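Values in this document were obtained by computation on a predicted structure and should not be read as measured data.
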Amino acid sequence: MKKIFTLLSIVAISFYVQGQTNFTATYDFAESPTDTELGALTGSTNLTISKFSTVGATYVSGTANRYANSDAPTGTLDTGNYVQVTLTPSTGYTLTINSLTVRVQRSGTGPRDMAVRSSADNYTENLPATINPVNTELSIIPTNVIHYVNDISTGQNGATIKPTNITDVSSPVTFRFYFFTSESTSGTFSVDDVVINGTTKSIPLGTIDNIKE
C-alpha cells in the first residue's frame, strides 16, 4: 500500500507542476498615454490585470509615453500617496511573482526616491530592490529604496523588484509604488515600461489523505 501511496503522490505532484504557466504583464504606456491603459498580458490566461491607478497623488494627463503624477511628499514615504496595479489569479489557480521591472522618471523638482510594497504583507515592508542592469544614475539605499543619485530628469532603466513572499497565493496581489523626497509638490514622477513576470499554477482538485496500509 505504501508503493501505491508513493505512486499516487508522484502523479499528483506531476499534475501540479504541469499546471504551471509563465506570464508577462507589460505596461508600456505608449498608446495615449492614459490612466485607463490596461496593459498587455502574454503567456498564462489564468489571471487578470488591472490598469494603474493613483491614490493621494495627482495624475498628470497628456504626459507622453509614461504614467505621470505630481504631489508626491517632500518628506519621507507616505503610505497614503502611491500608484498601484493589481493582478488577480483565476478561480482554481495560484499566483507567483518572480520579478518586476520599471523605468522611472522625475522632473527637475520631482521625487528622488521610490519604494515598492505589496498586499502580501499588507504593504508593511519595501520589497527587495536591485539595479539590474547596473545604472550609475540609480542606487539602492536603506531599506530597499531606489534612489536618484544625481539631480537629473531623464527616464532611467534598471529598477528591479524581486519579491520573496508572493508564492502560490490564490488571492489578488496589489503592488504600490511610493515616490517621496520630492523637491517640490509640483514636481512630477513617472513609471513606464513596467514588466511583471511570474507564473500561475492550477490548484489540485483534492488531496490524498486517507490511504492506510
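- Proximity of Y178 to V116: side-chain heavy atoms (C-beta onward) are nowhere separated by under 4.5 Å.
- With rounding to the nearest 0.5 Å, the separation of OH in Y82 from CG in L77 is 11.5 Å.
- Of the possible polar contacts, one joining the T160 side chain to the N132 backbone as a donor-acceptor pair under 3.5 Å is found.
- The side-chain heavy atoms of I49 and Y27, taken from C-beta on, include a pair separated by under 4.5 Å.
- A donor-acceptor pair under 3.5 Å is absent between the side-chain atoms of R176 and the main chain of Q84, judged by distance alone.
- When all heavy atoms are compared, the tightest approach of F177 to V191 is CD2-CG1, 4.2 Å.
- The OG1 atom of T96 sits 9.0 Å away from atom CD1 of I166, with the distance rounded to the nearest 0.5 Å.
- Relative orientation of the Y67 and F52 rings is tilted, given thresholds of 30° and 60° on the angle between their planes.
- Across all their heavy atoms, S182 and G110 have their closest contact at OG-C, 3.6 Å.
- Put simply, CG on L47 and OG1 on T86 are 11.5 Å apart, with the number rounded to the nearest 0.5 Å.
- Taking CD of Q20 as the reference point, atom OH of Y93 lies at 12.5 Å (rounded to 0.5 Å).
- Shortest non-hydrogen contact noted between F29 and D193 is CD1-N, 4.4 Å.
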*Checking side-chain contact (heavy atoms from CB on, under 4.5 Å) for the pair D192/Q105: CA distance, chi angles, key distance, verdict?*
CA-CA 8 Å; D192 189 16; Q105 187 166 348; over 6 Å; no

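- When the options V102, D28, T26 are evaluated for a side-chain contact (heavy atoms from CB on, under 4.5 Å) with V194, the one that passes is V102.
- D151 and R106 are joined by a salt bridge, as a carboxylate oxygen and a charged side-chain nitrogen come within less than 4.0 angstrom of each other.
- At distances below 3.5 Å, not a single donor-acceptor pair connects side-chain atoms of N81 with backbone N or O atoms of A72.
- Taking the side chain as every heavy atom from C-beta outward, T94 and P89 never approach each other to under 4.5 Å.
- Pairing each heavy atom of R117 with each of N126, the nearest pair is NE-OD1, 2.7 Å.
- Side-chain atoms of N69 and T54 include a donor-acceptor pair closer than 3.5 Å.
- The shortest non-hydrogen separation linking A57 to F189 is CB-CZ, 3.9 Å.
- Looking only at side-chain heavy atoms (C-beta outward), D121 and N165 come within less than 4.5 Å of each other.
- Minimum heavy-atom separation, G43 to T21: C-CG2, 4.4 Å.
- Between the side chains of D71 and T58, at least one donor-acceptor pair of N or O atoms lies under 3.5 Å.
- Note: T136 OG1 to N150 CG = 7.5 Å, rounded to the nearest 0.5 Å.
- At a threshold of 4.5 Å between non-hydrogen side-chain atoms, the residues S118 and F175 count as touching.
- M114 and Y59 fall within the same hydrophobic cluster, where Ile, Leu, Val, Met, Phe, Trp and Tyr residues are linked whenever their side-chain heavy atoms come under 4.5 Å apart, directly or through other members.
- Side-chain contact annotation: S44 with T200, donor-acceptor N/O pair under 3.5 Å present.
- Looking at L100 and L127, their side chains never come closer than 4.5 Å, going by heavy atoms from C-beta outward.
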